[in-house]
Amino acid sequence: MNTRTIPHSSRRRRRRIAVVLTALVSAVVIAFAVQQSLAAASADAVQEGTSPAAPPAPSEQIDGTVIAPSEADGVIRDGDQPTVFDVDRVAVGNLDPALLAALQRAATDAEGDGVTFLVNSGWRSPALQERLLQDAIAEYGSEAEARRWVATAETSAHVSGDAVDLGPLPTLDWIAQRGWRYGLCQIYGNESWHYELRPEALTDGCPEMYTDPTEDPRMQP
């Protein structure tokens with residue numbers, strides 16, 4: 001009987017292959033275990049209503065600066081603007097009732113002309129107003145310039161529910177021509193979107209506009 005001797009080099013190659021295969025299997029097992037562990041941790045976080053990178057709570061403040069105003073503060077995001085009939089949205093539902101009624105009357109008539117009233121901003125919480133002011137100061141470089149566009153939380157007609165910012169452009173064209181019939185008036189020359197209720201406009205027309213909010217006596221500190 002012939003016995004063939006396996007060369008030492010061949011045995012060494014087989015041993016190396018076996019070692020490599022064992023290492024690969026171990027790596028796969030470890031990776032799977034880690035994946036399962038992370039999945040379990042993520043599931044626990046979701047179940048508890050948290051996540052490792054959860055955003056700040058609405059209206060959270062750090063050193064007096066508002067970090068994350070939410071829809072509960074009156075935030076309206078682009079592409080998600082409500083109509084003046086969407087009173088379930090606090091930005092609309094928290095408007096002064098007389099202002100809201102006038103807006104709805106105007107919007108109903110405008111629908112006959114194919115025009116839809118969208119609310120870009122309505123009621124705002126003091127926290128949201130303060131955040132907008134701070135953002136404007138950062139953008140314009142000074143509080144004096146920012147105040148031409150954004151009022152303080154103490155003076156803003158949005159915070160009191162007495163102002164609404166409307167759009168889109170066809171709406172602004174429509175209401176600029178007919179708003180007085182509903183007591184709805186543009187208040188500031190630099191804000192064609194900002195409307196407030198002036199009941200006397202029905203008989204006397206809208207009052208002369210301020211150039212910007214800094215001319216409005218209500219905005220003075």
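Within the structure, salt bridge (charged side-chain N to carboxylate O under 4.0 Å, His left out) contacts touching residues 164-189 (residues at least two apart or in different chains) are R124-D165. The ring pair (Phe, Tyr, Trp, His ring centres under 6.0 Å) contacts involving residues 88-108 comprise nothing, where partners must be two or more places apart or lie in separate chains. Each salt bridge (charged side-chain N to carboxylate O under 4.0 Å, His left out) pair with one or both residues in residues 94-104, not counting sequence neighbours, would appear here, but there are none. Note on residues 78-91: pairs passing salt bridge (charged side-chain N to carboxylate O under 4.0 Å, His left out), not counting sequence neighbours, are E71-R89, D80-R89. Residues in residues 144-159 take part in these salt bridge (charged side-chain N to carboxylate O under 4.0 Å, His left out) pairs, two or more places apart or across chains: E143-R147, E145-R148, R148-D212.
Take Y210 and apply the ring-ring contact (aromatic ring centres under 6.0 Å, His included) test, not counting sequence neighbours, and it matches no residue. Scored by the salt bridge (Lys or Arg N to Asp or Glu O under 4.0 Å) test, D109 finds no partners at all (sequence neighbours excluded). The salt bridge (Lys or Arg N to Asp or Glu O under 4.0 Å) search around R105 returns none, not counting sequence neighbours. Under the side chain to side chain donor-acceptor pair (under 3.5 Å) criterion, Q104 pairs with no residue at all, not counting sequence neighbours. The side chain to side chain donor-acceptor pair (under 3.5 Å) search around W174 returns D113, not counting sequence neighbours.
E130 places no side-chain N or O within 3.5 Å of a backbone atom of P126 that could act as its donor or acceptor partner. In this structure a side-chain-to-backbone donor-acceptor pair under 3.5 Å is present from T171 to T116.
In this structure, H194 and Y188 have tilted ring planes: the angle between them lies in the 30° to 60° band.
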Residues 199-207 side chain polar contacts: donor-acceptor under 3.5 Å, at least two apart:
| unit_1 | atom_1 | unit_2 | atom_2 | d |
| --- | --- | --- | --- | --- |
| T203 | OG1 | E200 | O | 3.2 |

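From N94, atom CG reaches atom OG of S160 across 11.5 Å, with rounding to the nearest 0.5 Å.
Cluster partners of L118, using a side-chain heavy-atom cutoff of under 4.5 Å among ILVMFWY residues and allowing indirect links: none.
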